[in-house]
Amino acid sequence: MAEKNSWLHLGLGSFHRAHQACYFNHLLAQGESEWQFFAGNIRSDAEATVQGMLSQGCKYTLETIAPDGKCEFETITAISKVFAYEDDLHSIIECGAAASTKVISFTVTEAGYYLDAVAHLDVNNEFIKQDIAGGVSTIYGAIAHIIRARRQANGDAKLTLLCCDNVRENGEKFHSGMVEFFKAQGAGAAEDLAWFEANTTTPNTMVDRITPRPPKELAAEIKEKTGMDDAAPVMSEAFIQWVVEDNFAAGRPALEKVGAQMVDSVVPYEDAKLRILNASHSCLAWAGVSKAHKLVFECARDSELYKYAYDYITDCVIPCLKAQNSPIDLEQYRDTTLDRFRNDHLRDQLERIAQDSFSKFYTFVKPTVLDCYRFNVDPTNVVFLAALYYVFLEKVHVEKNGFSYQDSSFDPKWYEGVCAAADKVQAFADTKLLFDDLGQNKDFVQLLRAQIERARAIH
Ligand code: CS2
């Protein structure tokens with residue numbers, strides 16, 4: 001029998017297990033026999049899940065919950081090999097280098113790409129510096145090792161590198177980050193860079209399925225409802241979407257048979273999703289913290305907060321996307337998205353949404369701030385999101401209100417600088433990563449000041 005094609009995923013977190021692995025499961029259930037799916041992590045923080053999966057033959061239960069509360073349980077058996085974490089990623093590199101591996105996809109969060117305001121790789125970041133020197137703690141270091149091993153062992157065996165994170169033009173961004181990474185490694189990586197350019201594609205993708213952190217009670221609930229003991233269960237909403245640029249270097253499974261949308265350009269889908277879904281999520285989280293909410297549905301069912309998200313989308317995002325000829329029914333997309341947030345069976349935590357808020361701001365919100373000025377659209381309700389983020393930072397870092405979240409994209413020194421400035425709002429507005437050059441626009445800064453007052457009044 002011919003050797004199967006392999007698809008390796010890096011980033012075996014809840015999202016991959018609820019999203020891509022679910023598509024793979026449906027493909028295998030339809031009789032797909034040419035592809036097999038493997039997964040592992042480039043960091044050790046999800047090792048408990050990995051060990052849980054290994055202890056039960058890599059399978060696990062996915063619970064999905066519809067807005068009406070209807071639960072479904074699916075046993076995901078699609079991942080046939082899971083790699084336990086190793087410091088040097090030895091087994092993952094070996095798998096990625098094998099000619100039979102045709103696709104490597106990854107979810108390493110939006111903060112995992114270390115790109116600055118103009119999408120240049122932040123070569124001063126400590127993790128990036130370590131990896132330039134040969135480490136494997138970022139996606140760039142891991143892929144660089146895979147490429148070198150593959151080039152040396154397998155000549156020009158083509159490979160697709162598929163970024164599945166919520167980053168605008170994610171495939172292209174990863175591509176340019178990778179090129180800069182190789183360049184920063186110097187002459188010793190010249191052949192790897194040439195190989196990367198000649199033998200890989202990096203399609204853009206848009207992925208969507210709200211996947212809360214698995215609640216502690218999930219295993220007990222699954223045991224009660226299905227009788228199954230599961231050491232690595234996961235849960236998500238029932239909604240699922242995957243839009244993929246059809247540009248695979250070495251073939252792909254027939255994802256369209258299981259509902260993935262294979263398209264020529266992902267950009268309009270991605271743009272709508274990041275600005276409507278992800279930015280509104282952040283809006284609700286930043287505002288929700290002022291009202292001591294803990295869960296997304298509490299915010300989406302709070303009419304004051306709902307209106308902030310609704311107005312931001314209606315008054316700012318929709319006109320800007322229409323000005324760019326979006327082919328999507330944006331009003332309908334807004335309504336279904338906000339409805340999904342109201343699902344009170346999905347106890348999605350604000351802590352999860354607030355994680356990495358700094359990079360979420362410039363990925364999800366900033367494009368609309370800039371576009372409003374570009375297309376002459378009233379920016380008030382998107383500048384209000386900037387104000388919500390400003391007030392959120394004050395509450396959490398200055399007033400220390402006890403809300404706990406993590407932000408690996410946030411530089412405490414930057415924020416100390418903002419707080420120490422004579423004019424804090426001006427210092428915040430002057431942050432190029434957040435606003436490009438808008439800090440020099442007096443109208444913008446004045447509007448921001450007024451919106452900060454509006455945001456401070458929420459309680
Ligand atoms: C969320 C996303 O983390 C976030 O900010 O908006 O994780 C969101 O739940 C997913 O992108 C849904 O597809």
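If you're wondering where the values come from, they're calculated on a predicted model, not measured in any experiment. Just so you know, ligand 1 is whichever comes first in the structure, and atom 1 is the first atom listed for that ligand.
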Enquirer: I'd like to check which ligand 1 atoms, numbered from 1 as shown, lie under 4.0 Å from a non-hydrogen atom of Lys360.
Expert: 3 (O), 4 (C), 5 (O)

Enquirer: Tell me if a side-chain donor or acceptor on Thr201 pairs with a main-chain N or O of Asn247 at a distance below 3.5 Å.
Expert: yes

Enquirer: Does even one non-hydrogen atom of Lys273 get within less than 4.0 Å of ligand 1?
Expert: yes

Enquirer: For atom 6 (O) of ligand 1, grab the closest protein heavy atom and report residue, atom and distance to one decimal in Å.
Expert: His281 ND1, 2.7 Å

Enquirer: Would you mind running through ligand 1 and noting each atom that sits below 4.0 Å from a heavy atom of Arg209?
Expert: 12 (C), 13 (O)

Enquirer: Quick test: of every protein heavy atom, which one is nearest to atom 8 (C) of ligand 1, and how far off is it to 0.1 Å?
Expert: Asn278 ND2, 3.6 Å

Enquirer: Contact between Tyr405 and Val396 at the side-chain level, heavy atoms closer than 4.5 Å - yes or no?
Expert: yes

Enquirer: Any idea which atoms of ligand 1 are less than 4.0 Å away from a heavy-atom of Asn166?
Expert: 11 (O)

Enquirer: Are Lys223 and Asp230 close enough for a salt bridge, meaning some N to O gap below 4.0 Å?
Expert: no

Enquirer: Hey, are the side chains of Ser357 and Phe410 touching, using non-hydrogen atoms and a 4.5 Å cut-off?
Expert: no

Enquirer: Using heavy atoms and a threshold below 4.0 Å, how should the contact between Asp208 and ligand 1 be classified: side chain, backbone, both, or neither?
Expert: both

Enquirer: Quick one: which of His9, His19, Gln20 gives a side chain to side chain donor-acceptor pair (under 3.5 Å) with Thr107?
Expert: His9

Enquirer: Nearest protein heavy-atom contact for atom 9 (O) of ligand 1: which residue, which atom, what distance?
Expert: Arg352 NH2, 2.9 Å

Enquirer: Considering only NZ, NE, NH1 and NH2 on the basic side and carboxylate oxygens on the acidic side, decide whether Glu453 and Arg456 come within less than 4.0 Å.
Expert: yes

